[in-house]
**Student:** 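Before anything else, here's the structure in question.
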Amino acid sequence: MKCTVLLVAEKPSLSQSIAQILSNGKAHSRRSFLDVHEWSGSFRGQSAHFKMTSVMGHVMSIDFPPKYQNWETTDPASLFDAPTIKSESNPKAHVCKHLQQEARGCTHLVLWLDCDREGENICFEVIENTVKWMARVPGQQVFRARFSAISAPEITAAMEMLGEPNRCEALAVDARQELDLKCGVAFTRFQTRFFQGKYGNLDASVISYGPCQTPTLAFCVQRHQIMTAFQPEDFWSVRPHISKAGQRIDVEWGRGRLFDQGAAQLFQQLVKEARMMRCTSISSKEERRQRPHGLNTVEMLKIASSGLGMAPAQAMRTAEVLYTSGYLSYPRTESSAYPPGFDFQEVLDEMRRHPIWGDYAQHLMGTFTPPKGGNDVGDHPPITPIASATEAELGGGDTWRLYDYVARHFLGSLSPDCTFTRTTALLSAGQEVFSATGTSPKRPGFTAVMPWRAVEGEPLPPLQEGEALPITEVDLKQGKTSPPDYLTESELIGLMEKHGIGTDASIAVHINNICERNYVSIQAGRRVVPTELGITLVRGYQLIDQELCLPQVRAHVEKQIGLIAEGKAEKEAVVLHTLDQFAQKFRYFVTKIDRMDALFEASFSPLASSGKVLSKCGKCLRYMKLISVRPMRIYCPTCEEVLNLPQGGTVKLYKGLECPLDGYEIVLFSLSGPDGKTYALCPFCYNNPPFEGAHKVSGQGAGGKAGMPCTLCPHTGCPHSFMRMRVTACPECEEGTVVLDPVSGPKWRMDCNTCSFLIYLPETLHAVKLSKKRCQECESAMLRLDFKRGASPLPDGAADITACVVCNELVAKLCTAKHGRSYVNRRRGSGRRGRGRRGRGRGRDANPLLSFRDF
DNA sequence: GCAAGGTC
């Protein structure tokens, strides 16, 4: 009987290379949602058809159910006991559907996911989406391949020795996901809601907390604290001047430096009086600088930052581009040792063609010794070049510089060590001992191709033991101890790696996160400098519960879930226990938040003292203030109420008009940029939509909360509501309605209240008003158009017309639609499109308008 | 709007 075997890898690139190996290059590929490689062979003694495909990382993501998504109505403390749901990570990629489709009719499943805990977890995600769809046959149907490298011997051996997926390891990952989610989200929502809107110059829309990002930030702040606490001290050092054969010899004092000026002066005097310095011993030693190990991701990120001045996130992006275009090998690897059987010759052969280092590679081909040392984690080989490329071919810039580095690093890792001779001379004057060292290169080794690693320093002039040199002068050099500088990004990466914060794939993300959240900024030399906000947060954690910002938070979680992975503890028990610990910490944090608040008060100015007077509050009838730093909002100092606004634009008062529902003064919001629309909103309604189900527009720009402007308000009695300003349904989006912008003159326009679609009305208009009449053909509201004197486009030269801008061809031709296909051409186009619009859309008219689309 | 982990 023939069987059909489905093989699944963690990413498309791996499914391709594993299929290549298992099929001896005979696989045929086809595209589905993801690539599938097929071939025939035998499986466990049976003839078999093989289908190899992949997922793209995790299939599912964890989150809270919709009920818990509202920041206002959900108590963050309740999140610790909340249920969680899993949904498809990337619905657009249709990974679930793909797996189910490919599983149909298969008799066996072989899991080729990466051999780490995350991979083990993905195994079960794959099982969930395949086994139910597979054919039932007797015996074991699901197998796990375990491999430590993507090489032919490893892969074929793994196929011979199939095992079973490890449920414990997978459960450990589920536990980690739940803990990270609950803890991170609870703290983030609580502190965001507590501080947001409380201070005027606090320019952060989300004040996030996370078991990785917060300790990462804390490293940067700790360095800042060391720097601020540093007390410089004066020190003195004796520096005699000597030379030989015209070459000056730099000597180090055996006592290094003294913090007592008087004592240092005494020694200076003694040395002066000695007048001569005698060489008491001279010795030489051969030393070596080791060639680099294979390049792994973390090392690449460090060097990209410190040597190339590239942000880690940028370095990852660049490396990925180089990988997908075939110039570099897979850039996410922990391994710094090449796997056994790695084909160095193949890479060297390719590098031989390179105009810059081709000769060097050629020379290495016959002479290199395979690298030893480093660590082979069994994920992917170290990062190496794959194809030869010149600066011009790669378009220069970061792409070229990163490629250049990786190629040189690879060649360096095959080159000999660099060797040099270090000569040390001991000298004495009076009773004082000094030393001088010189270096002379012996063999450049790898530094020939990595010149920045070359040994610096000069050789000593020839000295004889017993030889005496005259001292020409004796300085007393004064110095000050100095604090360390801010952490370099490269040092930060090193600390994260050392403390197990993040993984090779996520380190760059965490650093990027704390930059984007405005906790740190990257300064000259890629040093990571914490901001006022970053410092205040960490100091706050330190005051309330130091552990919250220490790397041990993560280490603790890792240790707990390690117990699950090893099968020593039940997942449920560990999760409950650990959640309980975090919930306790959370409750304590909440009760002590005023300690952190005190720090915020010292660093940020309260809302009451910031902002410009803008509009009247409907409750106290006094003026509210506009806080224009991001996130822009309105604050009533009397009611101590903060009202959010849409972001990415400006607001001004709207003729002093009031909202008939709550008495707040209405403001006009204008979105920045060309064609940015303007719409009216009542600050109170925007934040507290008065009608159940009225649909909201999400704020534009960072941190904008969804709100309800007048253009979405279904109030029939208010002259600003979309009910009164609507013209017709939006031809571009599903839900929107095109409304007249009553303040857009002299360039009159209409905008969709949901999407960015807009229509400029004829240019020669003087005034526009909505008529009460409706178009007989399409039910759109008709407009009364008043043209400028002598500029009427109407056939009889009439000054005004009441027309439907959709159906009146003359008027429609004079309009210009933007951010959408031209509606003029479309309205007579291909007939009805899509679903009918009747009865759809929240907050829409009960007797919906026809859309342009319906023609 | 929120975490961290995969990967694109």
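So you know, we letter chains A, B, ... as the sequences are listed, proteins then strands, and number each from 1.
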**Student:** Atom NE2 of A/His510 to atom P of B/dA4: distance rounded to whole Å?
**Tutor:**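 The distance from NE2 of A/His510 to P of B/dA4 comes to 5 Å, rounded to the nearest Å.
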**Student:** In whole Å, what is the span from the CG atom of A/Asn513 to the C1' atom of B/dG1?
**Tutor:**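 It is 13 Å, rounded to the nearest whole Å.
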**Student:** Round to the nearest Å and state the distance from A/Asp174 atom CG to B/dA4 atom C1'.
**Tutor:**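 To the nearest whole Å, that distance equals 14 Å.
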**Student:** Answer whether the closest heavy-atom distance between the side chains of A/His499 and A/Phe219 falls below 4.5 Å.
**Tutor:**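 Sidechains of A/Phe219 and A/His499: in contact.
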**Student:** When we call it a touch if two heavy atoms are under 4.0 Å apart, what does A/Tyr323 touch: a base, just sugar-phosphate, or nothing?
**Tutor:**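 Nothing, no heavy atom under 4.0 Å.
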**Student:** Can you list the residues that meet the salt bridge (charged side-chain N to carboxylate O under 4.0 Å, His left out) rule with A/Asp398, with sequence neighbours excluded?
**Tutor:**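 For A/Asp398 the salt bridge (charged side-chain N to carboxylate O under 4.0 Å, His left out) partners, ignoring immediate neighbours, are A/Arg401.
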**Student:** Taking salt bridge (charged side-chain N to carboxylate O under 4.0 Å, His left out) as the test, write out the residues that go with A/Glu120, two or more places apart.
**Tutor:**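 Salt bridge (charged side-chain N to carboxylate O under 4.0 Å, His left out) check on A/Glu120 returns A/Arg144, A/Arg146.
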**Student:** When you measure from every atom of DNA chain B, which of residues 81-90 of chain A have a heavy atom less than 4.0 Å away?
**Tutor:**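 Those residues are A/Ser89, A/Asn90.
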**Student:** Going through the distances and angles, do A/Asp174 and A/Lys86 end up as a salt bridge (Lys or Arg N to Asp or Glu O under 4.0 Å)?
**Tutor:** CA-CA 10 Å; A/Asp174 283 331; A/Lys86 286 210 176 188; 2.8 Å; yes
**Student:** A/Cys685: what forms a side chain to side chain contact (heavy atoms under 4.5 Å, CB included) with it, not counting sequence neighbours?
**Tutor:**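 For A/Cys685 the side chain to side chain contact (heavy atoms under 4.5 Å, CB included) partners, ignoring immediate neighbours, are A/Cys659, A/Leu661, A/Asp662, A/Cys682, A/Pro690, A/Met708.
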**Student:** Is there a side-chain contact between A/Met56 and A/Pro12 in this structure, where contact means two heavy atoms from C-beta onward sitting under 4.5 Å apart?
**Tutor:**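 Heavy-atom side-chain distance check passes, below 4.5 Å.
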**Student:** Looking only at the side chain of A/Cys212 (C-beta and beyond, no hydrogens), which of the listed nucleotides B/dC2, B/dA4, B/dC8 gets closest?
**Tutor:**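 Of all the options, the side chain of A/Cys212 is nearest to B/dA4.
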**Student:** Could I get the full list of salt bridge (charged side-chain N to carboxylate O under 4.0 Å, His left out) partners for A/Glu497, not counting sequence neighbours?
**Tutor:**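 Expected list: A/Lys302.
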**Student:** Would you classify A/Gln69 as touching base, sugar-phosphate or nothing, given that sugar-phosphate means primed atoms plus P, OP1 and OP2, and contacts are heavy atoms under 4.0 Å?
**Tutor:**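 Contact class for A/Gln69: base.
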**Student:** In this structure, how many angstroms lie between the P atom of B/dA3 and the CD1 atom of A/Ile514, rounded?
**Tutor:**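 Between P of B/dA3 and CD1 of A/Ile514: 13 Å.
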**Student:** Side chain of A/Glu72 only, heavy atoms from C-beta on: which candidate in B/dG5, B/dG1, B/dA3 is closest?
**Tutor:**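 Output: B/dG1.
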**Student:** Please list, by residue number, the residues of residues 547-567 of chain A whose heavy atoms come closer than 4.0 Å to an atom of DNA chain B; answer none if no residue qualifies.
**Tutor:**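 Output list: A/Arg554.
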**Student:** Which of the following nucleotides, B/dG5, B/dA4, B/dC2, is nearest to the side chain of A/Ser506?
**Tutor:**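 Selected nucleotide: B/dG5.
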**Student:** Taking salt bridge (charged side-chain N to carboxylate O under 4.0 Å, His left out) as the definition, give me every residue that meets it alongside A/Asp35, ordered by chain and number, with sequence neighbours left out.
**Tutor:**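 For A/Asp35 the salt bridge (charged side-chain N to carboxylate O under 4.0 Å, His left out) partners, ignoring immediate neighbours, are A/Arg31.
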**Student:** Is A/Arg517 touching bases, backbone alone, or none of the nucleic acid, heavy atoms closer than 4.0 Å?
**Tutor:**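 If one applies the 4.0 Å heavy-atom cut-off, A/Arg517 turns out to touch the sugar-phosphate alone, with no base involved.
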**Student:** Over all strands shown, is A/Ile122 touching base, sugar-phosphate only, or nothing at heavy-atom distances under 4.0 angstrom?
**Tutor:**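 No contact.
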**Student:** The side chain of A/Gln196 is closest to which nucleotide in this list: B/dA4, B/dG5, B/dG1?
**Tutor:**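 The answer is B/dG1.
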**Student:** Can you identify which nucleotide, out of B/dC8, B/dG5, B/dC2, has its nearest atom closest to the A/Val185 side chain?
**Tutor:**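 So the side chain of A/Val185 is nearest to B/dC2.
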**Student:** Would you classify A/Tyr209 as touching base, sugar-phosphate or nothing, given that sugar-phosphate means primed atoms plus P, OP1 and OP2, and contacts are heavy atoms under 4.0 Å?
**Tutor:**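 Since only primed, P, OP1 and OP2 atoms lie under 4.0 Å of A/Tyr209, the category is sugar-phosphate.
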**Student:** Calculate the interatomic distance between A/Leu181 atom CG and B/dG6 atom C1'; express it in whole Å.
**Tutor:**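 Result: 16 Å.
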**Student:** Could you tell me how far apart A/Gln16 (CD) and B/dT7 (P) are, to the nearest whole angstrom?
**Tutor:**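 Nearest whole value for this atom pair: 17 Å.
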**Student:** Hey, which sits more toward the 5' end of DNA chain B by its nearest nucleotide, A/Arg176 or A/Arg189?
**Tutor:**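 Whichever sits nearer the 5' end wins; that is A/Arg189.
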**Student:** Taking only residues two or more places apart in sequence or in another chain, which ones pass side chain to side chain donor-acceptor pair (under 3.5 Å) with A/Tyr209?
**Tutor:**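 Applying side chain to side chain donor-acceptor pair (under 3.5 Å) to A/Tyr209 gives none.
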**Student:** Output yes when at least one side-chain N/O atom of A/Tyr330 is less than 4.0 Å from OP1 or OP2 of B/dT7, else no.
**Tutor:**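 It does, given that an N or O in the side chain of A/Tyr330 lies less than 4.0 Å from OP1 or OP2 of B/dT7.
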**Student:** Could you tell me whether A/Asp63 contacts a base, only the sugar-phosphate backbone, or nothing, with contacts defined as non-hydrogen atoms closer than 4.0 Å?
**Tutor:**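 Result for A/Asp63 = base.
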**Student:** Can you tell me how far C1' of B/dT7 sits from CD of A/Glu10, to the nearest Å?
**Tutor:**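 After rounding, the reported distance stands at 8 Å.
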**Student:** With salt bridge (charged side-chain N to carboxylate O under 4.0 Å, His left out) as the rule and sequence neighbours excluded, what pairs involving residues 311-321 of chain A come up?
**Tutor:**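 For residues 311-321 of chain A: A/Glu320-A/Arg332.
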**Student:** Does the base of B/dC8 carry an N or O that pairs as donor and acceptor with the side chain of A/Glu320 under 3.5 Å?
**Tutor:**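 Side chain to base: no pair below 3.5 Å.
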**Student:** Just N and O in the side chain of A/Gln177: are any of them under 4.0 Å from OP1 or OP2 of B/dA3?
**Tutor:**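 Checking B/dA3 against A/Gln177, no side-chain N or O comes under 4.0 Å of OP1 or OP2.
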**Student:** Using a heavy-atom cut-off of under 4.0 Å over every strand shown, decide if A/Gly502 touches base, sugar-phosphate, or nothing.
**Tutor:**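 Sugar-phosphate only.
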**Student:** Classify A/Thr503 by what it touches in the nucleic acid, base, sugar-phosphate, or nothing, heavy-atom distance under 4.0 Å.
**Tutor:**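 If one applies the 4.0 Å heavy-atom cut-off, A/Thr503 turns out to touch the sugar-phosphate alone, with no base involved.
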**Student:** Taking the six-membered ring for Trp, is the centroid-to-centroid distance between A/Phe80 and A/Phe582 below 6.0 Å?
**Tutor:**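 No.
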**Student:** Where the side chain of A/Glu118 is concerned, which of B/dC8, B/dG6, B/dA3 is the nearest nucleotide?
**Tutor:**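 Looking only at side-chain atoms, A/Glu118 lies closest to B/dG6.
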**Student:** In this structure, how many angstroms lie between the P atom of B/dC2 and the CZ atom of A/Phe194, rounded?
**Tutor:**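 Going from A/Phe194 (CZ) to B/dC2 (P), I get 21 Å.
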**Student:** Does A/Arg332 make a side-chain N or O approach to OP1 or OP2 of B/dC8 shorter than 4.0 Å?
**Tutor:**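 For A/Arg332, the contact criterion (side-chain N or O under 4.0 Å from OP1 or OP2 of B/dC8) is met.
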